[in-house]
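Reading through the structure tokens given below for one structure.
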Amino acid sequence: MSESATAPSHFIRNIVTEDRQNNKNNGRVHTRFPPEPNGYLHIGHAKSICLNFGLAAEFGGLCNLRFDDTNPSKEDVEYVESIKSDVRWLGFDWDDREFYASDYFEQLYRFAVELLESADAYVCDLSADEIRKHRGTLTEAGKESPYRARSVEENLDLFQRMRAGEFPDGSRTLRAKVDMASPNLNMRDPVMYRILRATHHRTGDKWCIYPTYDFAHGQSDSIEGITHSICTLEFEDHRPLYDWFLDKLKIHHPRQIEFARLNLTHTVLSKRKLLQLVQRGYVAGWDDPRMPTLAGIRRRGYTPESLRVFCERIGVAKRNSTVDVAMLEHCVREDLNRRAPRVMAVLRPLRVIITNYPEGQAEELEAVNNPEDPQMGTRKVPFSRVLYIEQDDFRETPPKGFFRLAPGREVRLRYAYIIKCDEVVKDPTSGAVIELRCSYDPETKSGSVQSGRKVKATLHWVSAAHAVEAEARLYDHLFAAENSDDVEEGADWTRNINPNSLETLASCRVEPCLKDAAPGDRYQFERLGYFCVDPVDSSDRKLVFNRTVTLRDAWAKAEKARKRE
RNA sequence: UGGGCGGUCGCCAAGCGGUAAGGCCCCGGACUUUGGAUCCGGUAUCGAAGGUUCGAAUCCUUCCCGCCCAGCCA
């Protein structure tokens, strides 16, 4: 996987390249990632983070981390902390350039006063409701506020008193004097400041008026000397307003470029819905491994490298699109295939007795840690008379195309011997298969001269006496439908939540080398998938593995297709 | 029916007047002590209709479809 070797062109990269060629900003490239600390970052943010930090790195520029914290009623330090650790985990560094829109409150206030002095803004006494009514509609022009013509002196006095706390919340606003007849609703005298008594996570109770995003964002970028303000499509309509403020204020003009936000199949990426999933208990928290949050994805076992490659591969464009989650899954598999050590683990154990293997005997067999990387060496795996294999690897009446174990059939045990199933032991009451009695061929030991004999399948296994117990959590898509909104009339999107998105297997048996696995360690359980030690619930007493993603499985696919017919 | 933006393979996405990259998915096949990995091979005429041109996905015209905007949210 070559993260940097392939830098496919996209329109933003082209714009930046062109701007440099024209020596715009003296060839300087300075971007920023501007989250609002009102929720956890998700994979959609990762796209923006990779874009902003990536472009800066690529062109020898800088990228700031700036919190757009202009709405204290929704923001919290919990979120700023999680955002910082998520960005770091993704692999990016903002050095000492950690900024906050709230750092600029005083400056923003002065900007507002400037606009008041040039009669480009005014204090408006209309209520929220009245402002809405005056705004007009998509097809009709709005009406001017009766307070629009206040004198500069009166405006200055009123605004100063707004700041001083003389008026109740919501009683007045500061508005830009633009154009109530503009076809762009954002230009119909937008609110710049509102009166809001809320304790801000950084400025405390210093302010009782707060700038709106529209009045803060563009100027914040300008103050920081941002050259390319990259944001999502919905802000395209706001650009004329930002330009208007910057022009009136005669300050540095970043170039705003909008791109389409990421959508993924089988999940949701809206802050509102993610919040509801957490609050209504559909998931265990922001870091539930089924969540598309960076915290969840990280806990699930995804690597930051795979996320970065994913973000590079999906591209950047203005077209609304929904990326198939299979693309994401492909990226982790590709990365983990290269780096995850292989290990044998039996999720649903079926006991196997090797009848002709001496009781009490055990031997150490050599197993390769990663066939993709010989450097990773080998390890010893204990073999003995009583083993466990996967329940799925045995069928009493094998369907066509099934070439694993069945009565009378032979298979190879990985790194060990070829065994033959001689007898099936069932529970007398339930009829369930509870044990297999097999015989092994001592001549077929892995690596020996005779070992070349061909059998149709190789199974993973674990020695019963040596195995370590563990819990495995198997995850599936959070939403059964590709599109979470794809529900019948009147039904809620939560109807699409996949009731089987989590399956917990409490009595798995894993090979002994896993005993000392540390939280976060990633492995490939041969033939099953990639798993990582759950950083939260795993302990010395109880090993817990999260399945990051399954291996591609041609047999499972074929069987599924067969069932559909 | 106002304004802004978009429509290239099932899903992403290059292309910027010279005759449709790549990735994912899918389907074949080779190889294989992971039905994994790897390797080969297969699959679009560019929303529609006109026009300009020797030549158009790329230029022009008209039409159709989708997304965003009427928070003192961001």
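Lettering follows sequence order; numbering is per chain, from 1. Nothing here was measured: the structure is a model prediction, and the numbers come from that model. For the numbers below, each heavy atom of this structure counts, side chains included, while hydrogens, waters and symmetry mates do not.
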Task: Distance, P atom - from B:rC25 to B:rC39, rounded to whole angstrom - done: 13 Å
Produce the list of close N/O pairs, under 3.5 Å, pairing protein atoms with atoms of nucleotides 16-18 of chain B; give distances to one decimal.
none

Nucleotide N/O of nucleotides 27-32 of chain B paired with protein N/O under 3.5 Å:
none

Open item on the list: Categorize A:Pro371 for me: base, sugar-phosphate, or nothing, with a 4.0 angstrom heavy-atom threshold over every strand shown.
Closed with: base
TODO: Remember a base hit wins even if backbone is also touched, and classify A:Glu526 as base, sugar-phosphate or nothing at under 4.0 Å, heavy atoms.
DONE: base
Open item on the list: Under 4.0 Å, counting only non-hydrogen atoms across every strand here, what does A:Arg333 touch: a base, just sugar-phosphate, or nothing?
Closed with: nothing
Task: Contacts of type ring-ring contact (aromatic ring centres under 6.0 Å, His included), residue A:Phe159, not counting sequence neighbours - done: A:Tyr109, A:Tyr193
- [ ] With heavy atoms under 4.0 Å as the rule, sort A:Arg175 into base, sugar-phosphate or nothing.
- [x] nothing
Task: For atom CD of A:Glu482 and atom C1' of B:rC12, their distance in whole Å - done: 13 Å
- [ ] Sort out for me which residue in A:Glu312, A:Glu305, A:Arg313 forms a side-chain contact (heavy atoms from CB on, under 4.5 Å) with A:Val309.
- [x] A:Arg313
Open item on the list: Within residues 122-132 of chain A, which residues have any heavy atom lying less than 4.0 Å from an atom of RNA chain B?
Closed with: A:Leu126, A:Ser127, A:Ala128, A:Ile131, A:Arg132
Under 3.5 Å, which protein N or O atoms sit close to an N or O of nucleotides 66-68 of chain B? Give each pair with its distance.
from	atom 1	to	atom 2	distance (Å)
B:rC67	O2'	A:Asn320	ND2	3.3

Open item on the list: When the P atoms of B:rC24 and B:rU62 are compared, how many Å lie between them, rounded to an integer?
Closed with: 42 Å
- [ ] Any pair with a residue in residues 178-190 of chain A that passes side chain to side chain donor-acceptor pair (under 3.5 Å), sequence neighbours left out, goes on the list, sorted by first then second residue, please.
- [x] A:Tyr122-A:Asp189, A:Arg148-A:Asp189
